[in-house]
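For reference, the structure is listed below as structure tokens.
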Amino acid sequence: MARLTIASAAVALILLVASAEASPAWSDYAGAFDKSLQFFEAQRSGKLPADRTVHWRGDSALTDGFSQGVDLVGGYYDAGDHVKFGFPAAYAVTMLSWGVLEFEKEMVAANSLNRALDAIRWGTNYFIKAHTEPNTLWVQVGDGDSDHLCWERAEDMSTPRTASKIDASRPGSEVAAETAAALAAAAKVFRHYDSMYADLLLMHAKQIFTFADTFRGRYDDSLQCAKKFYPSASGYQDELLWGAAWLYEATGDEDYLDYVARNADAFGGTGWAVREFSWDNKYAGVQVLLSKVLLAGGGDGDYADTLKQFRAKAEFFMCACIQKNGGNNVRTTPGGLLYVADWNNMQYVSSSVFLLTVYADYLAESGDKLKCPDAEVAPAEIVAFARSQVDYVLGKNPLSMSYMVGHGDKFPTHVHHRGASIPSVYAVNDTVGCMEGFDAYYNSKGADPNVLVGALVGGPDGHDGFVDDRCNYQRAEPTLAAAAPMCGVFARLAAQPAAAGNSPGYQPPQDTLHVGGAPLEFVHAVTNSWEYNGVDHYRHTVTAKNTCGHPITYLKLRIEGLTGPIYGVSATQDKEMYGFPSWVTRLDAGEKLTIVYIQEGGPAAKIAVAQYKTG
């Protein structure tokens with residue numbers, strides 16, 4: 001009997017291991033969805049509820065707005081700082097709401113719908129507070145410059161909490177129309193759960209949109225604080241179309257659809273073909289949202305021609321993302337990740353994946369396909385590409401790094417985030433001062449004491465490289481704007497078996513020996529020179545950057561014409577052949593190897609790759 005029990009346990013262990021191997025972290029979409037909602041809890045400002053799941057956070061900013069006669073307590077901190085920027089926060093709430101509207105059943109199946117609704121309500125409650133009069137909207141609390149000069153916990157905040165507003169004399173159509181969109185989308189979300197609250201949201205949405213449209217102007221022209229942080233490069237016309245489209249979606253009132261149709265050309269909605277979607281540029285979003293109207297059977301009326309133009313531009317975006325746009329595609333890294341910008345590229349990946357996923361579902365429901373210059377693409381293929389991007393984000397990439405904090409075995413542990421990097425107020429009761437935070441925690445090489453679960457950091461560089469460094473704010477800082485679109489996508493993919501429309505995505509390279517090739521980018525520089533015994537000597541510094549997109553695990557360099565000592569590589573038994581130094585076993589994608597050699601007169605040595613392996 002004992003042997004039978006042991007055997008049974010062994011079989012159970014084998015099955016458990018097999019199950020774990022069959023479900024790598026990058027395919028745990030339900031877990032990623034749960035974690036992404038935790039991130040929104042960690043970003044909350046104000047009085048926190050007793051049932052919160054992020055226990056290292058405490059109450060903060062409990063007097064925001066009071067000195068200016070308004071209650072602005074609550075809302076969300078934007079990123080790794082403690083400023084409440086209304087523009088990206090409103091976009092994040094819009095995208096959270098759109099995710100619920102499209103993937104409500106999937107969120108129910110994941111048992112997380114109520115938490116998603118809570119995340120939306122936390123934002124919309126704040127926007128209602130910020131809308132103090134029909135033509136007045138408070139759009140920022142805190143000063144970016146002074147906030148960024150301090151590294152302290154939200155609970156210890158000592159920086160100015162100055163609030164800024166837009167009104168009839170200082171318009172801000174971008175942020176106002178985006179806030180209207182957020183409230184309208186949320187109103188549709190809550191219609192069947194809390195109809196009175198939905199009515200309240202819709203009332204504010206309509207007033208704020210009228211304000212945005214009546215008093216047109218850029219908010220970064222009206223407010224000095226907006227010029228440096230979140231200025232709008234695309235202007236406000238895309239947000240006016242976006243806000244009107246969401247009001248149509250929430251109300252069914254054709255006056256809003258008529259507004260979009262009348263202004264489609266003048267505002268760039270049917271003219272701009274874009275390859276990005278973000279807190280700033282809404283054109284792709286509005287083009288997809290209005291394509292839904294067409295694909296759902298709304299293309300036979302007065303607006304059919306205009307809606308078809310919106311769809312054409314939406315499909316340009318789709319084709320560019322999936323690399324079938326006749327060469328006019330979104331750039332990708334060697335590992336296959338969409339790459340739009342060096343600073344916080346993950347926000348563009350997140351928003352693109354969301355649009356791809358919802359558009360694929362619109363096509364599937366209508367029985368249609370995506371028609372690209374390079375091919376006709378079925379909805380399942382679009383979802384497969386979107387899945388490949390999500391898999392990359394969650395760890396199926398050249399570094400095997402999950403760019404969601406707390407997900408998988410390997411993720412960023414030095415996040416550019418004040419609250420994560422400083423011990424919790426419940427662990428260290430003493431106030432951590434502004435400069436003390438920099439000295440003791442910002443510059444610390446230690447891992448974050450608080451794991452910012454669910455945060456999507458800025459992500460890798462264009463060659464799939466990533467440095468886990470708190471000072472690397474362009475790639476190590478999480479934002480609301482990056483996190484929000486992915487929430488719905490995680491829920492959607494969790495409900496669909498991977499075999500249905502799955503994409504292999506990034507595939508680790510085989511450990512084969514490559515002869516020649518150009519996996520390294522060499523940059524040569526003469527860094528010193530001197531004369532000795534009548535002979536000129538030169539110190540050459542060479543940086544060899546891994547640009548092949550995969551870790552290099554074996555390297556043999558051919559160095560010809562060397563006349564002096566060399567450092568940073570190890571000589572082999574073969575003449576003029578050198579390998580990694582003893583302290584280097586691999587060179588990850590994007591990393592650099594530094595080689596220094598002394599040359600006695602004459603030309604520089606010639607360096608080339610003879611052999612290498614990736615793995």
Side-chain angles (χ1 to χ4, degrees), residues 39-48 57-94 119-133 135-167 170-172 174-180 182-183 204 208 211-212 218-232 279-280 417-419 434 477-481 483-484:
F39 171 68
F40 278 89
E41 283 199 39
Q43 294 301 105
R44 287 177 174 179
S45 177
K47 181 71 175 176
L48 303 183
R57 277 294 324 281
D59 299 339
S60 62
L62 297 179
T63 59
D64 274 1
F66 286 12
S67 64
Q68 292 165 271
V70 61
D71 178 4
L72 297 175
V73 177
Y76 286 109
Y77 298 123
D78 174 61
D81 52 18
H82 298 132
V83 184
K84 295 191 292 197
F85 292 108
F87 195 14
Y91 164 77
V93 171
T94 306
I120 294 168
R121 192 187 289 263
W122 193 271
T124 52
N125 282 350
Y126 175 76
F127 298 145
I128 290 171
K129 284 184 174 185
H131 184 218
T132 51
E133 297 178 40
N135 295 332
T136 300
L137 182 66
W138 295 83
V139 297
Q140 183 171 318
V141 179
D143 173 70
D145 286 324
S146 61
D147 185 274
H148 291 180
L149 291 174
C150 275
W151 196 262
E152 57 189 356
R153 299 173 296 201
E155 297 83 356
D156 295 332
M157 214 182 312
S158 61
T159 51
R161 301 299 291 169
T162 307
S164 302
K165 66 180 179 181
I166 55 173
D167 53 30
R170 292 168 297 184
E174 308 98 319
V175 63
E178 180 58 74
T179 305
L183 292 169
H204 283 280
I208 296 173
F211 163 50
R218 296 173 60 105
Y219 93 122
D220 48 7
D221 285 340
S222 297
L223 300 178
Q224 186 65 33
C225 65
K227 293 183 182 297
K228 188 173 181 181
F229 303 97
Y230 292 106
S232 178
W279 60 265
D280 177 17
H417 189 278
R418 287 156 176 78
C434 184
E477 185 172 20
T479 63
L480 298 175

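What you see is a predicted model; the values in this text were computed from it and never measured.
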For Ser60 and Tyr77 the tightest heavy-atom approach is OG-OH, 2.7 Å

To the nearest 0.5 Å, atom CZ of Arg44 lies from atom CH2 of Trp122 at 5.0 Å

How long is the span from the CG atom in Leu72 to the CZ atom in Arg161, to the nearest 0.5 Å?
10.0 Å

Taking the side chain as every heavy atom from C-beta outward, state whether Asp147 and Trp151 have any pair of such atoms under 4.5 Å apart.
no

Asp59 side chain to Leu48 main-chain N or O, any donor-acceptor pair under 3.5 Å?
yes

Which heavy atom in Trp138 sits nearest to a heavy atom in Thr136, and how many Å separate them?
NE1-CG2, 4.1 Å

Note, Val141 side chain near Val83 side chain (heavy atom, < 4.5 Å):
no

Minimal heavy-atom distance between Tyr126 and Val73, with the atoms involved, is CD1-O, 4.2 Å

Chi angles and distances behind the salt bridge (Lys or Arg N to Asp or Glu O under 4.0 Å) call for Asp78, Lys84:
CA-CA 6 Å; Asp78 174 61; Lys84 295 191 292 197; over 6 Å; no

Mind checking what makes ring pair (Phe, Tyr, Trp, His ring centres under 6.0 Å) contact with Trp279, not counting sequence neighbours?
Phe87, Tyr230

Is it true that a side-chain atom of Thr124 and a backbone atom of Ile120 form a donor plus acceptor pair closer than 3.5 Å?
yes

Spacing of CG belonging to Leu137 relative to CZ belonging to Arg170, to within rounding of 0.5 Å
12.0 Å

Looking only at non-hydrogen atoms, find the nearest pair between Lys227 and Asp221 and report the distance.
NZ-CA, 3.9 Å

Side-chain heavy atoms of Phe40 within contact of Leu480, under 4.5 Å
yes

I'd like to check Glu174 versus Asp220 (side-chain heavy atoms, cut-off strictly below 4.5 Å). Are they in contact?
yes

Run Phe229 and Asp145 through side-chain contact (heavy atoms from CB on, under 4.5 Å) and show every step you take.
CA-CA 9 Å; Phe229 303 97; Asp145 286 324; 3.7 Å; yes

For Ser232, is there any backbone N or O sitting under 3.5 Å from a side-chain donor or acceptor partner on Arg218?
yes

Sidechain-backbone polar pair: Arg57 side chain, Ala42 backbone, donor-acceptor under 3.5 Å
yes

For Ala182 and Ala90 the tightest heavy-atom approach is CB-O, 3.4 Å

For Glu152 and Met157, indicate whether the former's side chain and the latter's backbone hold a donor-acceptor pair under 3.5 Å.
no

Who passes ring pair (Phe, Tyr, Trp, His ring centres under 6.0 Å) against His417, sequence neighbours left out?
none

Sidechain-backbone polar pair: Gln68 side chain, Ala163 backbone, donor-acceptor under 3.5 Å
yes

I'd like to check the side-chain contact (heavy atoms from CB on, under 4.5 Å) partners of Ser146; sequence neighbours left out, ordered by chain and number.
Asp143, Thr159, Pro160

Can you name the nearest heavy-atom pair linking Ser45 to Asp64, along with the distance?
OG-OD2, 4.4 Å

Residues forming a side-chain contact (heavy atoms from CB on, under 4.5 Å) with Ile128, sequence neighbours excluded:
Tyr197, Leu200, Leu201, His204

Flag side-chain contact, heavy atom, 4.5 Å: Tyr219 against Pro171
no

Are the side chain of Gln140 and the backbone of Gly142 linked by a donor-acceptor contact shorter than 3.5 Å?
yes

Are side-chain heavy atoms of Val139 and Lys165 found at a separation under 4.5 Å?
no

Side chains of Phe127 and Val93: does their closest heavy-atom pair fall under 4.5 Å?
yes

Please name all residues satisfying disulfide (SG to SG under 2.5 Å) with Cys225, sequence neighbours left out, ordered by chain then number.
none

Taking Glu178 for its side chain and Pro88 for its backbone only, find out whether a donor-acceptor pair lies under 3.5 Å.
no

By salt bridge (charged side-chain N to carboxylate O under 4.0 Å, His left out), Asp71 pairs with (sequence neighbours left out) Lys129

Does His148 use its side chain to pair, donor to acceptor, with the backbone of Cys150 at less than 3.5 Å?
no

